[in-house]
Structure formats: C-alpha cells, structure tokens
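Scroll down for the structure; my scribbles are underneath it.
Values below: all heavy atoms of this structure, side chains included; hydrogens, waters and symmetry mates excluded.
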Amino acid sequence: MNLAKISANGQITVPVEIRRLLGLKSGDKILFYQKQDGKVVLSNASAQAIRKAQSAFSGVAEAMAISSEDDVQALVDEVRYGKGR
C-alpha cells in the first residue's frame, strides 16, 4: 500500500513504486476513472490509448491482407507515393 499527500494546490506525488508499476515517467498523463463498484482507478493514459488503438485495429490487417513487414511498407509507399500494391 502506498500513501500520497495532496498539496494545497491539489497536486500529488505518485509514489515511485506506482510510477514503476504503471511505467510512468516525467510528463506522462494519468487517467483517473471510476468503476461501477465506485472504486477509482488510475492508469497510464498513454498505455491506455495504445491498448484502445490496438483494439480498434484488431482484424484490420487480416482484412487488408497485410501479413508481413513488406506488406506494411507497400501500404506506406502506396499512401505516400500513390504506388499500387
């Protein structure tokens, strides 16, 4: 269990163990949200955004027949230079 004190300005220092656990570094943003049971959870907002993007793109590579790095590079070339795959 870790304890943090709120300053007069409403600021807190996230304990080092929690920063390490969440992979937080200077300048990162923390996401606070309340679960249905009333508990408040905090997470690394950057990691949360990456997981959300991964979920949104799930299955897209298969649908576009992208299965290798060469396929990805061909798609990038197509977008950049108008070259067909």
Could you walk me through whether L42 and L22 pass the side chain to side chain contact (heavy atoms under 4.5 Å, CB included) test, one step at a time?
CA-CA 9 Å; L42 69 107; L22 295 176; 3.3 Å; yes
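Residues passing the side-chain contact (heavy atoms from CB on, under 4.5 Å) test with L31 are Y33, S43, A45, Q48, sequence neighbours excluded. Contacts of S58 classified as side chain to side chain donor-acceptor pair (under 3.5 Å), with partners at least two apart in sequence or in another chain: none. Partners of R19 according to the side-chain contact (heavy atoms from CB on, under 4.5 Å) rule, which considers only residues two or more places apart in sequence or in another chain, are T13, V14, V16, L24. Residues passing the side-chain contact (heavy atoms from CB on, under 4.5 Å) test with S55: none are found, sequence neighbours excluded. Scored by the side chain to side chain donor-acceptor pair (under 3.5 Å) test, Q36 finds no partners at all (sequence neighbours excluded). Taking the salt bridge (charged side-chain N to carboxylate O under 4.0 Å, His left out) definition, one finds that K29 meets it with nothing, sequence neighbours left out. Q11 is linked by a side-chain contact (heavy atoms from CB on, under 4.5 Å) to S7, N9, counting only residues two or more places apart in sequence or in another chain.
Remark: side-chain polar atoms of Q34 are paired, donor with acceptor, to backbone N or O of G38 under 3.5 angstrom. The main-chain N or O of P15 is never found under 3.5 Å from a side-chain atom of N2 such that the two would form a donor-acceptor pair.
The CG atom of D70 lies 10.5 Å from the CG atom of D77; values are rounded to the nearest 0.5 Å.
Checked for salt-bridge contact, D28 and K25 meet the test: a charged N lies under 4.0 Å from a carboxylate O.
When side chains are defined from C-beta on, M64 counts as touching L75, because their heavy atoms get closer than 4.5 Å.
Within a 6.0 Å radius of CD in E17, more than 12 heavy atoms belonging to other residues, nucleotides or ligands are found.
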